[in-house]
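Notes to accompany the following structure.
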2 protein chains.
Amino acid sequence: MTKIRKEQPKRHLAAEIAAAITEGAYRPGEWLRQIDLEETFAAKRFDVRSALSELAARGMVTHVANRGYQVMRPDLTVVREMLAIRILLEVEAVTQALPHIGPAELERIKSAQKAFENAVARGSKADQANSNAAFHDEIYRHAPNRSLSKFVVEIRNRVIPGPIALWPSYADLQRSAAHHVDIVSAIETRDIDALVAAVRRHITESGANYPAGDRGQGHTEASAARP
Amino acid sequence: MTKIRKEQPKRHLAAEIAAAITEGAYRPGEWLRQIDLEETFAAKRFDVRSALSELAARGMVTHVANRGYQVMRPDLTVVREMLAIRILLEVEAVTQALPHIGPAELERIKSAQKAFENAVARGSKADQANSNAAFHDEIYRHAPNRSLSKFVVEIRNRVIPGPIALWPSYADLQRSAAHHVDIVSAIETRDIDALVAAVRRHITESGANYPAGDRGQGHTEASAARP
DNA sequence: TGCGCTTATATTGGCGCCAATTTGTGCGCA
DNA sequence: TGCGCACAAATTGGCGCCAATATAAGCGCA
């Protein structure tokens with residue numbers, strides 16, 4: 001008799017919770033109750049705590065003894081610093097990728113860009129975020145340094161977007177789409193300088209949504225939610 | 001009556017195990033038995049499994065269902081790619097740091113360098129690794145982008161050194177020390193180009209220990225250790 | 001005597017309970 | 001009526017057991 005085994009792909013709960021946080025399901029400062037997470041993600045207590053511990057190590061949530069875990073409040077300074085790091089990495093990635101982008105690859109990039117434009121017009125917030133990420137990855141994946149492109153993804157997912165950056169205006173989205181057009185055309189004309197400049201501008205301005213004195217956005221409300 | 005509470009700084013077991021791996025306590029390909037880890041680190045089963053899961057997510061160990069966790073075999077390509085990323089980040093860090101290094105800071109850097117030389121002469125392998133890391137951090141910490149310097153540390157600790165890179169020859173160590181001297185003098189003369197070149201060379205050559213066809217070093221022996 | 005099957009052992013991994021602690025509520029007292 | 005204390009409810013977190021599975025050992029049979 002052949003042995004039947006349930007091949008569950010060993011879900012990575014920490015990543016799922018992290019995604020939920022970056023998508024705004026949980027607000028900065030909000031308490032993450034283990035019991036809630038258990039039923040929301042249909043996971044066991046063990047996995048929940050394990051995931052929470054991991055996220056705490058990553059600095060995505062803060063842990064208060066005997067109180068629980070709460071979503072880290074995005075520090076404007078840290079966000080800006082992470083953007084600077086992203087620029088460093090993504091500029092390198094796109095520079096490495098350019099020589100390896102032929103007509104076929106360009107076509108895929110263009111369709112990824114189209115997908116983003118569609119998401120801007122008719123998609124949900126999550127669609128917009130995902131198709132935006134997919135567009136960039138479609139470019140970076142051609143960098144010979146595969147670790148680099150993986151890293152770019154990891155860093156991007158690590159930053160907790162403030163509530164403001166999470167709800168960009170339609171104008172913001174259109175500006176993003178315009179940047180994508182710039183990037184694509186720079187790739188098409190093989191203009192490395194223009195390409196680098198476009199990427200740098202794109203990332204920089206993605207953090208421009210953060211007003212100067214951000215910080216306490218949603219502070220009172222989120223803090224009010226008791227643990 | 002005042003309440004007495006045991007303020008244990010909430011140890012991060014995953015980091016401890018990771019350190020043990022990078023220090024060579026566990027060889028690539030070796031199986032990590034949970035029971036052994038329990039008593040070695042005086043931790044409970046829960047924490048061990050949690051830490052292991054985290055390390056698996058970081059790609060430091062591989063997880064085989066119902067078999068356990070084993071130390072990831074360092075892939076030469078990945079190691080090289082990570083070195084390239086380290087160069088990118090550390091060059092940026094040192095560039096940012098230079099303008100903020102005054103006489104007082106330079107003095108501390110010099111003493112860190114001395115500490116490394118002492119470790120080379122009389123210290124253990126762990127001492128050498130630690131004092132080397134301390135030297136670099138003593139420089140990078142002056143970069144205004146604090147996230148960057150933290151990041152540099154994280155990346156450095158993420159790479160699993162192959163057994164060869166782990167046991168550098170005395171000549172390797174001396175070369176490393178020489179690089180440090182170059183770096184210090186470049187800082188002293190404020191020669192940014194020389195500084196960048198020195199850092200780049202230092203990191204690049206730290207991976208030169210890996211011979212072309214590395215991979216299977218310690219393969220048979222480590223694999224023999226049954227789970 | 002060697003090979004294949006069955007049995008035994010060690011290890012992993014899923015799951016759950018209960019003590020400790022904190023927060024919320026209600027009662028009593030000034 | 002307002003303040004403070006005590007009690008109750010909810011949540012976290014430490015800990016341990018036991019089933020499932022892989023590996024090793026033992027045994028019978030050709």
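Judged by atom type and distance alone, A:Arg49 reaches the base of D:dG14 through a side-chain donor-acceptor pair under 3.5 Å. Not a single donor-acceptor pair, N or O on each side, falls under 3.5 Å between the base of D:dG16 and the side chain of B:Arg45.
Within a 6.0 Å sphere centred on CZ of B:Arg45, heavy atoms belonging to other residues, nucleotides or ligands number more than 12.
One interatomic measurement links the two molecules: CD1 of A:Ile35 to C1' of D:dG13, which rounds to 12 Å at whole-angstrom precision. A straight line from CD of A:Gln34 to P of C:dT22 spans 15 Å, rounded to a whole angstrom. Atom-to-atom, CH2 of A:Trp31 to P of C:dT22 comes out at 12 Å; the value is rounded to the nearest Å. The distance between atom CG of B:Asp36 and atom P of C:dA10, rounded to the nearest whole Å, is 13 Å. Regarding A:Arg33, its CZ atom lies at a distance of 14 Å from the P atom of C:dT23, rounded to whole Å. Rounded to a whole Å, the CG atom of B:Asp47 is 16 Å from the P atom of C:dG13. Going from atom CG of A:Asn66 over to atom P of D:dA10 covers 18 Å, rounded to whole Å.
With rounding to the nearest 0.5 angstrom, the CZ atom of B:Phe151 is 13.5 Å from the CZ atom of B:Arg156.
Across all strands, A:Leu32 comes closer than 4.0 Å only to sugar-phosphate atoms, never to a base (heavy-atom distances). Here B:Val64 lies in heavy-atom contact (under 4.0 Å) with sugar-phosphate atoms only.
OP1 or OP2 of C:dT23 lies within a sub-4.0 Å distance of a side-chain N or O belonging to A:Arg67. Residue B:His63 places at least one side-chain N or O under 4.0 Å from the OP1 or OP2 atom of C:dG13.
Screening A:His136, A:Arg108, A:Lys150 for a side chain to side chain contact (heavy atoms under 4.5 Å, CB included) involving A:Arg141 leaves a single residue, A:Arg108. Looking at A:Ile85, A:Ile87, A:Leu89 one by one, the single match for side chain to side chain contact (heavy atoms under 4.5 Å, CB included) with A:Ile203 turns out to be A:Ile87.
In this structure, the side chains of B:Leu32 and B:Gln70 stay at 4.5 Å or more apart for every pair of heavy atoms.
With D:dT12, D:dC15, C:dC15 as the candidates, the nucleotide lying closest to the side chain of B:Lys44 is D:dC15.
Where A:Ala65 and A:Phe46 each meet DNA chain D at their nearest nucleotide, the meeting point lying more 5' is that of A:Ala65.
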